[in-house]
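These notes concern the structure reproduced below.
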Number of protein chains: 2
Amino acid sequence: MRNAQPETLTLDRVATPVGEVLLVTDAAGAVRALDFVDYEARMTRLLDRHAPKAALVEGRAPEDVRTAVEAYFGGDVRALDGVAVKTGGTDFQRSVWAALRAIPAGETRSYGQLAAAIGSPKAVRAAGLANGQNPIAVIVPCHRVIGANGTLTGYAGGLERKRWLLRHEGVAVA
Amino acid sequence: MRNAQPETLTLDRVATPVGEVLLVTDAAGAVRALDFVDYEARMTRLLDRHAPKAALVEGRAPEDVRTAVEAYFGGDVRALDGVAVKTGGTDFQRSVWAALRAIPAGETRSYGQLAAAIGSPKAVRAAGLANGQNPIAVIVPCHRVIGANGTLTGYAGGLERKRWLLRHEGVAVA
DNA sequence: GGAAGTCTCGCGGTTTTCGGACATCCAGGC
DNA sequence: GCCTGGATGTCCGAAAACCGCGAGACTTCC
């Protein structure tokens with residue numbers, strides 16, 4: 001529909017303790033998407049939505065991004081804080097994702113707190129929805145949002161991974 | 001919804017024999033919109049659709065554009081041929097508008113011919129619809145398209161103006 | 001007959017509308 | 001405690017309505 005400039009994105013793979021991840025970067029070196037390999041269909045669907053007409057070619061991501069990802073999974077849970085990301089999406093979604101990056105490793109928020117943080121305290125379900133459409137898992141830490149009563153509620157990559165990630169960051173979870 | 005970069009557009013006014021026209025140009029000097037002053041609401045609506053988030057400030061259009069418009073209304077009906085334009089819109093709409101510019105002053109086409117020219121001979125009504133959404137009147141000569149039986153059928157600026165423009169270009173119309 | 005008007009219907013892209021779905025939260029009843 | 005139901009904001013997909021048409025069938029007048 002709307003016109004968009006063609007663009008080439010690079011698709012790389014990185015091994016982690018919870019399975020291989022797919023890592024999509026653009027020409028500027030910014031991360032465009034990150035997801036677990038067994039959810040590739042979901043990732044390409046999100047990419048199609050947010051970056052239509054973009055070509056995806058296998059290749060190697062910038063070294064600093066690769067090493068940051070490996071460092072995170074190796075135990076340096078703050079290694080991803082400085083990684084540049086770029087997303088499409090609506091204004092609302094982008095504000096949610098921006099708010100996510102402000103949650104430090106080792107902490108969690110409830111969906112209600114997340115909604116309040118972006119100035120729409122009543123848009124709780126909408127915030128949860130936007131959370132689930134986050135195209136850049138782990139780096140944009142959507143896994144740090146849990147139910148108000150402490151339940152994990154959901155995770156696009158599987159609840160097991162959400163639990164693993166939180167424990168890896170030092171959070172005590174059931 | 002989609003993100004778009006903020007942009008500043010310039011709004012100028014030019015007097016013509018059929019009323020004042022509004023002339024919107026961008027920083028690069030390309031025409032973004034042109035409409036008659038009494039249809040300003042329509043123009044701003046189209047602009048909003050095709051260039052969301054753009055700011056519109058009163059100002060003076062580039063001299064070469066102004067003189068081209070004045071020359072056209074003064075009798076040099078080909079004066080607008082070289083004027084640069086830029087539009088948003090869907091692929092279909094853009095191809096229709098491009099086809100319009102290929103119709104020389106003094107000639108007309110039917111909606112069917114227009115549809116055929118863009119390779120969709122059956123998309124007749126769709127072509128008519130796209131024609132009516134042309135944001136750059138006169139320069140993109142949507143007024144040169146008339147019904148297959150010679151009736152003028154419609155014009156966003158009023159049928160009287162369509163008739164005047166065609167006669168001004170030397171077409172015999174009822 | 002035939003020329004000109006009127007009506008009907010199919011056409012294709014775009015816009016608008018509407019109905020769900022959803023990784024929530026809270027209150028209230030049992 | 002556990003379950004139920006309601007309020008709530010956003011987004012997506014499907015469906016319907018909208019049109020600056022055109023061709024063909026029918027009527028109406030000469």
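To find a chain, count down the sequence lines: A is the first, B the second, and so on, and within it residues start at 1.
- Atom CZ of B:Arg161 is separated from atom P of D:dG20 by 18 Å (rounded to the nearest Å).
- Note on B:Ala130: nothing from the nucleic acid sits closer than 4.0 angstrom, heavy atoms only.
- Per the geometry, CZ belonging to B:Arg42 stands 14 Å off P belonging to D:dC19, to the nearest Å.
- For A:Phe92, the listed nucleotide lying nearest its side chain is D:dC11; candidates were C:dT14, D:dC11, C:dG13.
- With D:dC11, C:dT16, D:dG20 as the choices, the nucleotide that has an atom nearest any side-chain atom of A:Gln133 turns out to be D:dC11.
- Taking the six-membered ring for Trp and thresholds of 30 and 60 degrees, B:Phe36 and B:Tyr155 have ring planes more than 60 degrees apart, a perpendicular arrangement.
- In terms of phosphate contacts, B:Ser110 brings a side-chain nitrogen or oxygen within less than 4.0 Å of OP1 or OP2 of D:dG22.
- Under 3.5 Å, the side chain of B:Arg125 and the base of D:dG20 form no donor-acceptor pair of N or O atoms.
- For D:dT8, the OP1/OP2 oxygens have no side-chain nitrogen or oxygen of A:Lys122 closer than 4.0 Å.
- Distance from the side chain of B:Val145 is smallest for D:dG20 among the nucleotides D:dG20, C:dT24, D:dC11.
- Nucleic acid contact for B:Gly132: base, since at least one base atom lies under 4.0 Å from a heavy atom of the residue.
- Of all nucleotides present, none satisfies the Watson-Crick or G-U wobble test against D:dT8 with each distance under 3.5 Å.
- Ranking D:dG20, C:dT24, C:dT16 by closeness to the B:Asn131 side chain, first place goes to D:dG20.
- Between the side chain of B:Tyr155 and the base of D:dG20, no donor-acceptor pair under 3.5 Å is found.
- Relative to the side chain of A:Ala126, the nucleotides D:dT10, D:dC11, C:dT14 differ in distance, and D:dT10 lies closest.
- Nucleic acid contact class of A:Ala123 (heavy atoms, under 4.0 Å, all strands): sugar-phosphate only.
- Separating the CG atom of A:Leu152 from the P atom of C:dT24 is a distance of 12 Å, rounded to the nearest angstrom.
- Cation-pi geometry between B:Arg125 and B:Tyr111 is not satisfied (NZ or CZ under 6.0 Å from the ring centre, within 45° of the ring normal).
- A straight line from CG of B:Leu46 to P of D:dG20 spans 12 Å, rounded to a whole angstrom.
- The distance from the CD atom of A:Glu40 to the CG atom of A:Leu11 is 6.5 Å, given to the nearest 0.5 Å.
- A straight line from CG of B:Asn149 to C1' of C:dG5 spans 11 Å, rounded to a whole angstrom.
- Nucleotide C:dC11: unpaired (no Watson-Crick or G-U wobble partner with both distances less than 3.5 Å).
- For the pair A:Asn134 CG and C:dC22 P, the interatomic distance rounds to 18 Å; values are reported in whole Å.
- Residue B:Ala115 is classed as having no contact, given no heavy-atom separation below 4.0 Å to the nucleic acid.
- Taking the six-membered ring where the residue is Trp, B:His50 and B:Trp97 present perpendicular rings, their angle passing 60° and hence far from 30°.
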task: Determine, stepwise, if the pair A:Arg45 / A:Tyr39 fulfils side chain to side chain contact (heavy atoms under 4.5 Å, CB included).
output: CA-CA 10 Å; A:Arg45 189 170 50 81; A:Tyr39 287 85; over 6 Å; no
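- For the pair B:Trp97 CH2 and C:dT14 P, the computed distance is 10 Å after rounding to whole Å.
- Rounding to whole angstrom units, CG of residue B:Leu129 and C1' of C:dG10 are separated by 16 Å.
- Within the shown strands, nothing qualifies as a pairing partner of C:dA23 under the Watson-Crick or G-U definition with both distances less than 3.5 Å.
- Among all heavy-atom pairs drawn from B:Arg42 and B:Gly132, the shortest one is NH2-O, 3.0 Å.
- D:dG20 is unpaired under the criterion used here, namely a Watson-Crick or G-U wobble arrangement in which both key atom distances are under 3.5 Å.
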